[in-house]
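First up is the structure itself, then whatever we jot down about it.
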Protein chains: 2
Amino acid sequence: MKKAATIRDVAAHAGVSVSVVSRVLNGTGPVAPVKRAQVLDAIEELAYRPRAAARELSQGRSETIGLLLADLTNPFFARLADRVVAEARSRDLQILLMTTQEDPHLEGQALDTLLDRSVGGMIGTPTGHNTARWEKLAALDIPVVFVDRAVRELDSVDVVSIENVDSAAAATRHLLERGHTRIGIVSGPLDTTTGVERVQGYEQALREHGVERDDRLVRPAPFRGDRGAEVVAQMLALDDPPTGLVVANTAQVRVVLRMLAQARIAIPDDLSLVVFDDNPWTELIRPPLTAVRQPIDMLALHSVELVHARMRQKLPPAPRRVRVAAEFVERSSTARI
Amino acid sequence: MKKAATIRDVAAHAGVSVSVVSRVLNGTGPVAPVKRAQVLDAIEELAYRPRAAARELSQGRSETIGLLLADLTNPFFARLADRVVAEARSRDLQILLMTTQEDPHLEGQALDTLLDRSVGGMIGTPTGHNTARWEKLAALDIPVVFVDRAVRELDSVDVVSIENVDSAAAATRHLLERGHTRIGIVSGPLDTTTGVERVQGYEQALREHGVERDDRLVRPAPFRGDRGAEVVAQMLALDDPPTGLVVANTAQVRVVLRMLAQARIAIPDDLSLVVFDDNPWTELIRPPLTAVRQPIDMLALHSVELVHARMRQKLPPAPRRVRVAAEFVERSSTARI
DNA sequence: TTGTAGGCGTTATCAG
DNA sequence: CTGATAACGCCTACAA
């Protein structure tokens, strides 16, 4: 088993210098058509493949982009990863995957190692607690794109997300238009952009319909754990419990559903339900859930496209905020009051 | 913005040579306690982090392992990825993620780029069609571990999977013990080990109970597409349709469930159902599904541990086959006939 | 125990 | 157009 061919082997085999080979490889600089052909032949024959590490070392930057997601257990992030990988491949970018598990400490570690790898760019769902490190990446001229959510302090980085305000407003409006006035919302933590923006949309819809906001019906829940269930249970225990509920925290819909089932709350008879993110199983359960469908392929497409463009310096420096519309999918978990 | 410190900067700052720094970094070779402290200080002060690319180039191998999964859209693989990432982190290994989408062509591409990256190891779910390339990896002394499924031709690579035969037998037995004799099975393609082994388990259980195998009830389906649904529809259209069904192809349970719902087949009244892989939503749907639960964390643990050990040459050359038991979870989708 | 120097595979600069 | 040759940052004999 002889070791893999290097650029020098190719050069020798083709009877040219390494520079020529490098040039045909990267299309940088001129090469005589004849020699080009020879080089191509040699490459073919030796099954030569440039070593990524050497390339990185030499140019100080790589074609690898770090993907730092919260949690692959959440189908939303899993499908996002799937699409990001696909988009990356079509651009010859590699994906280095890490997860934060919504833990700032883990996020910190991940960012550090990403730094070592001198990745060419980053796509991530920030926990909101490592602003210094994120800034460092940016300071090192490593393009960063936040997807799904952002960090308010970091207003110089690109963000790709859905229209959170509009989506939440639409979900709430759907309930209002069906006669509900007692509408609860379980959002994400209020120090995340998704958390606050979705509550804003909810409030906006309420305002439109002249319904007063009741603090007891607006409850944030962390992304991890079962808090979402508790919070809903508390709402339901009120003297005047909600008749409609928006679960805007994707990570909590499962636990909420489980609690509702255990408590034998009939949907939509006892409670009308709209959830954020339309999973493959959302239509499988009984009743099929009305949901806000996030266009995950678009989120992935724009994220990858954005880092890619930045890596190629093909974009003006001003931070980009891409917001794509989400689709409202009406099924059977909501009913007229 | 000054550029990141290199090993030379550290050496200078600590008043030693680079080799000393390298030695304290990698614990290779002796270092005087005093100097070690100085070096550590310098590292701290300069916030030095070794460049992964340089290290790779110099030693010809990296601490990055390639993870080549079929499809992150399948919750089984998504959760597997999640655990693999976690296990990898605790061993300071990085994960380069790629997907095959069950497409041999994409798998081939992925393997090629993995080769360029000179990854230190690989964990993957092979499609079964790129044996040459897989062998090439092995020939290059890159440890390969197949997880979940294997390729029969490649019997020299490590494999981590559940006890497929036993699991399928248990699932089938469960049905038999409840009086079913007409039992269908939707397996994976028969050129995959999971596909054949689960059918073997099914047959074994049948044999135990003296039930004859009916070819029309044993139908493989590809991992992609909706074939599983068609195949079940065909079984159900028989003169003597099955009263029990095992969906052993994780990728097909969703479409089968959808079809069953549309056809208004009552479960378990019309049909008793056991599915492979216990997702978070398996207990959310109506009725909650009886399932074979794959211990995903164990699969991940062993896979990572195995590549890691091989990378460190800490294992005898003989290929390892780790098979972990799966758990049978009885819920409400199966009933006595 | 320490330091020097050569090599890892590419890219890039700069004379021919 | 082409070809030496110097980086790139780290590891590792080998010498001291």
Side-chain angles (χ1 to χ4, degrees), chain A residues 2-40 42-43 46-64 92 113 115-120 140-141 311-312, chain B residues 2-39 42-43 46-64 113 115-120 140-141:
Chain A
K2 43 189 182 303
K3 41 179 43 179
T6 77
I7 197 174
R8 252 178 284 272
D9 300 326
V10 175
H13 200 82
V16 300
S17 74
V18 293
S19 343
V20 176
V21 180
S22 178
R23 269 183 247 126
V24 342
L25 243 32
N26 309 297
T28 165
V31 172
V34 221
K35 302 219 167 192
R36 154 169 282 114
Q38 296 172 352
V39 170
L40 259 17
I43 290 180
L46 301 178
Y48 166 73
R49 321 218 79 220
R51 230 69 82 238
R55 195 171 269 184
E56 273 175 42
L57 180 56
S58 167
Q59 350 189 91
R61 187 148 298 170
S62 73
E63 294 291 85
T64 299
D92 278 308
T113 86
L115 244 17
D116 306 351
R117 304 290 318 222
S118 58
V119 288
L140 256 33
D141 272 326
M311 281 163 54
R312 301 274 177 284
Chain B
K2 45 191 179 298
K3 40 180 44 180
T6 77
I7 196 175
R8 251 178 284 271
D9 299 326
V10 175
H13 199 81
V16 300
S17 76
V18 293
S19 14
V20 176
V21 180
S22 179
R23 269 183 248 127
V24 343
L25 242 33
N26 309 299
T28 165
V31 172
V34 222
K35 302 219 167 191
R36 153 167 282 112
Q38 295 172 352
V39 171
I43 290 180
L46 301 178
Y48 166 74
R49 322 217 80 220
R51 229 67 83 243
R55 195 172 274 184
E56 279 182 38
L57 181 57
S58 139
Q59 346 192 95
R61 190 146 296 171
S62 72
E63 294 292 85
T64 299
T113 85
L115 244 15
D116 306 351
R117 305 290 317 221
S118 59
V119 288
L140 257 33
D141 274 325

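Chain identifiers are assigned alphabetically (A, B, ...) following the order of the sequence lines, protein sequences preceding nucleic acid strands; residue numbering begins at 1 within each chain. Side chains included, hydrogens not; waters and symmetry mates left out as well; all remaining heavy atoms used.
Side-chain contact check for B:Thr6 versus B:Val10: every heavy-atom pair is 4.5 Å or farther apart.
Residues forming a side chain to side chain donor-acceptor pair (under 3.5 Å) with A:Glu63 (at least two apart in sequence, or on another chain): A:Arg312.
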Short N/O separations, protein against nucleotides 2-6 of chain C, under 3.5 angstrom:
residue	atom	partner	partner atom	Å
C:dT2	OP2	B:Ala32	N	2.8
C:dG3	OP2	B:Ser17	N	2.9
C:dG3	OP2	B:Ser17	OG	3.2
C:dG3	N7	B:Ser19	OG	2.9
C:dG3	N7	B:Arg23	NH2	3.3
C:dT4	O4	B:Ser19	OG	3.0

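Taking a 4.0 Å limit (strictly below) on heavy-atom distances, residues 52-59 of chain A reaches DNA chain C at A:Ala54, A:Arg55, A:Ser58, A:Gln59.
In the helix from C:dT1-D:dA16 to C:dG16-D:dC1, the rotation axis of the first five pairs and that of the last five pairs differ in direction by 40°, rounded to 10 degrees.
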Walk me through whether A:Ile7 and A:Tyr48 qualify under side chain to side chain contact (heavy atoms under 4.5 Å, CB included). CA-CA 8 Å; A:Ile7 197 174; A:Tyr48 166 73; 3.7 Å; yes
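What you find for A:Ala5 and A:Arg51 is that their closest heavy atoms are O-NH2, 3.0 Å.
An OP1 or OP2 oxygen of C:dT10 is reached within less than 4.0 angstrom by no side-chain nitrogen or oxygen of A:Asn26.
Within the structure, side chain to side chain donor-acceptor pair (under 3.5 Å) pairs that include any residue of residues 26-38 of chain A comprise A:Ser22-A:Asn26 (at least two apart or interchain).
When heavy atoms are screened at a 4.0 angstrom cut-off, B:Arg61 is found touching no nucleic acid atom at all.
Rounded to an integer number of Å, the gap from CD1 of A:Ile7 to P of C:dA12 is 11 Å.
On the nucleic acid side, DNA chain D contacts chain B at distances under 4.0 Å to non-hydrogen atoms, with the end points of that region at D:dG9 to D:dT12.
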